[in-house]
Amino acid sequence: MDLLIKNGTLVSSSGKYKADISVVNGVISEIGKNLIPDKATKVVDATGKLVLPGAIDLHTHLAMPFGGTVSADDYFAGTRAAVCGGTTTVFDFALQDFNESILDTVKRRDAICAPDAACDYAFHVGIKDLSNGLLTTMDDAVKFGVPTFKAFMVYDFGVQDGDLFRLLEHSKKIGARVSVHAENRDAIAVLTKRFLEEGKTSAWYHYMSRPEWVEEEADIRAINFAKALGAPLYIVHVGSKGGIEAIERAKKEGVEVYAETCPQYLEFTSDVYKRTDARDFVCSPPMKGKKSKDALWRAINMGVVDTVATDHCPFQKTEKDWGKDDFTKIPNGCAGVENMYPYMLSEANKGKTTIETVVKLCSENPAKLSGCKKKGFLKPGYDADIVIYDPKLDFTITNEKMHSDCDHTIWEGKKLKGYPVMTFSRGRLVYENGEFKGERGWGKMVKRSLK
Ligand code: DUC
Ligand code: ZN
Ligand code: ZN
């Protein structure tokens with residue numbers, strides 16, 4: 001036995017119970033009462049602590065070329081930040097190049113990621129080009145262990161509706177799943193042009209150019225395609241009341257549609273775009289009004305939201321400042337990978353939801369939906385990706401305490417009730433009491449199957 005975590009309270013979506021966990025070769029070997037260590041075993045006393053499966057963040061953009069620059073966290077900084085917040089598996093979006101086979105996209109990004117990753121990782125492929133037979137190169141990616149793809153319904157590099165339709169149709173045939181960034185590209189373009197012409201250039205108009213219905217409309221369009229084709233659909237970063245209600249209706253009708261939301265939509269509202277540091281909050285979709293925030297919390301507690309992920313995509317202050325006089329020049333995205341699990345658990349401690357629900361949304365469901373067969377649960381045979389969490393530890397987020405390479409955080413000053421004290425990645429200690437203890441290159445790619 002390599003590691004024994006004693007006297008903790010284990011949490012799963014179905015409840016809490018007191019037990020010890022033993023780990024051999026990075027895998028959970030036994031869960032039970034009064035397990036006996038041998039001489040070489042590292043013993044951790046988790047009395048008074050919760051023992052949780054590491055979170056799985058299904059949505060990050062590390063080292064991503066975007067908005068005229070590259071996101072501030074490379075694969076090392078992003079995964080270092082992840083484990084320091086109790087996230088032990090990170091999904092990144094590998095963006096296809098034009099004229100590139102989809103498997104080549106995965107291999108190109110893995111060549112950068114593998115030497116750097118401090119925790120386990122996986123890729124979704126962001127699709128740009130399905131011309132000249134590239135659609136069927138999805139098949140090789142699925143065989144390789146990458147069965148999840150993303151279509152951007154916005155941005156100039158995103159796909160048009162015809163290609164979204166083809167993607168959904170093909171994904172169904174090959175046992176894959178498509179996710180969508182759902183916003184109405186054309187409406188945003190009209191409004192953006194109009195605001196700029198009228199001299200309305202502040203970050204507030206980033207929000208105004210993407211009114212709440214812009215997301216809902218695209219959600220409904222994607223759902224209609226999925227329904228017509230009988231294909232599964234995953235909608236990333238749902239932030240609007242109309243959107244989540246459309247998803248709820250579709251689920252009731254039997255459409256296989258999954259909803260992801262992010263902590264920033266649960267914490268902030270569009271009021272942030274009136275602040276002096278509004279540019280730091282610019283991401284797409286933008287934060288919405290209070291009614292949307294409330295609807296998302298309701299949906300979490302009604303079981304309509306399937307996963308919580310971060311859309312971690314930070315940019316430095318100087319880069320955000322490019323948009324001082326023109327909101328379209330602000331690189332879109334915020335840091336969040338280190339904040340997701342602590343924030344969600346803290347909100348549970350404050351009574352917004354339950355700890356069990358947080359484990360389900362941040363760990364169990366992401367593992368199940370992404371086809372990570374050995375992650376997301378504290379069970380014998382599963383990877384020992386484990387977080388020891390002190391529910392009584394008060395923590396105030398400051399950028400100084402964070403482990404990202406970004407020079408600011410939208411979470412500055414947020415007071416949390418409870419915080420992780422240790423994170424283990426496949427049985428190896430990677431975080432303890434504020435300090436990163438892991439190593440560059442420790443992380444392995446998780447090959448997956450949706451079957
Ligand atoms: N939205 C962001 O805010 N950043 C990265 C990509 C995206 O869709
Ligand atoms: Zn997106
Ligand atoms: Zn994203």
Side-chain angles (χ1 to χ4, degrees), residues 56-74 78 82 90-96 109 121-128 148-159 164 167 178-185 188 192 203 206-207 209-210 214-216 218-219 222 233-240 243 258-265 267-268 270 272-273 278-288 307-316 319-320 322-323 327-337 339-340 366 370 404 406 408-411:
I56 299 172
D57 187 346
L58 291 184
H59 192 152
T60 69
H61 301 275
L62 302 179
M64 185 173 86
F66 191 60
T69 180
V70 177
S71 58
D73 280 333
D74 62 14
V90 162
F91 276 66
D92 186 60
F93 287 95
L95 264 192
Q96 183 197 17
R109 290 303 284 185
Y121 61 92
F123 294 104
H124 313 285
V125 179
I127 302 293
K128 283 186 184 169
T148 46
F149 304 91
K150 178 173 180 187
F152 290 87
M153 297 168 79
V154 284
Y155 304 132
D156 49 1
F157 62 80
V159 301
L164 173 59
L167 269 173
V178 173
S179 65
V180 285
H181 172 140
E183 289 184 294
N184 186 307
R185 180 190 288 122
I188 294 169
T192 301
H206 172 71
Y207 167 65
S209 64
R210 303 172 113 95
V214 155
E215 193 182 314
E216 176 187 356
D219 288 335
L233 173 70
Y234 179 103
I235 305 185
V236 298
H237 50 47
V238 178
S240 80
Y258 303 99
E260 167 194 286
T261 191
C262 311
Q264 56 271 33
Y265 304 117
E267 174 66 11
F268 303 108
S270 50
V272 294
Y273 300 112
R279 286 193 291 287
D280 297 346
F281 292 82
V282 165
C283 58
S284 292
M287 280 49 134
K288 306 291 198 296
T307 63
V308 173
T310 62
D311 204 4
H312 180 87
C313 189
F315 295 98
Q316 306 293 12
E319 296 166 328
K320 290 283 191 183
W322 292 341
F327 66 89
T328 64
K329 298 205 163 60
I330 306 169
N332 285 200
C334 309
V337 75
N339 311 113
M340 173 178 78
S370 63
S404 150
C406 190
H408 66 280
T409 171
I410 58 170
W411 296 92

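Hydrogens, waters and symmetry mates are skipped; everything else that's a heavy atom, side chains included, is used. Indexing begins at 1, ligand by ligand and atom by atom, following the structure's order.
- A salt bridge (Lys or Arg N to Asp or Glu O under 4.0 Å) with K288 is found for one member of E183, E215, E267 and no other, namely E215.
- Below 30°, between 30° and 60°, or above 60°: for F66 and Y155 the angle between ring planes is above 60°, a perpendicular geometry.
- Taking atom 3 (O) of ligand 1 as the reference point, the nearest protein heavy-atom neighbour is S284 N, 2.9 Å.
- From the protein, the heavy atom lying nearest to atom 4 (N) of ligand 1 is N332 O, 2.9 Å.
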- Dump the intermediate steps for side-chain hydrogen bond (donor to acceptor under 3.5 Å, both in side chains) on T60 and H312, then the final yes or no. CA-CA 5 Å; T60 69; H312 180 87; over 6 Å; no
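- Distances below 4.0 Å separate heavy atoms of G333 from the following atoms of ligand 1: 3 (O), 4 (N).
- With a cut-off of 2.8 Å, the Zn ion (ligand 2) has no N, O or S atom of H59 in range.
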- Would Y234 and T148 satisfy side-chain hydrogen bond (donor to acceptor under 3.5 Å, both in side chains), going step by step from the backbone distance to the final call? CA-CA 10 Å; Y234 179 103; T148 46; over 6 Å; no
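- Classification of the H237-H59 ring pair by plane angle, with boundaries at 30° and 60°, yields tilted.
- With Y207 contributing its side chain and M287 its backbone, the two residues share no donor-acceptor pair below 3.5 Å.
- When M64, H181, K150 are ranked by how near their heavy atoms come to atom 8 (O) of ligand 1, first place goes to H181.
- Using a 4.5 Å heavy-atom threshold, the side chains of V180 and L233 count as touching.
- If you check which protein heavy atom lies closest to atom 5 (C) of ligand 1, you get C313 SG, 3.5 Å.
- Atom-to-atom distance recorded for H61:NE2 and D311:CG is 4.0 Å, nearest 0.5 angstrom.
- Take the N/O/S atoms of D311: the one nearest the Zn ion (ligand 3) is OD1.
- Take the N/O/S atoms of H181: the one nearest the Zn ion (ligand 2) is ND1.
- For ligand 1 and C283, the ligand atoms under 4.0 Å from any heavy atom of the residue are 3 (O).
- When the Zn ion (ligand 3) is compared with the N/O/S atoms of H61, atom NE2 turns out nearest.
- Proximity annotation for atom 7 (C) of ligand 1: of Y155, F66, F152, Y155 comes nearest, heavy atoms only.
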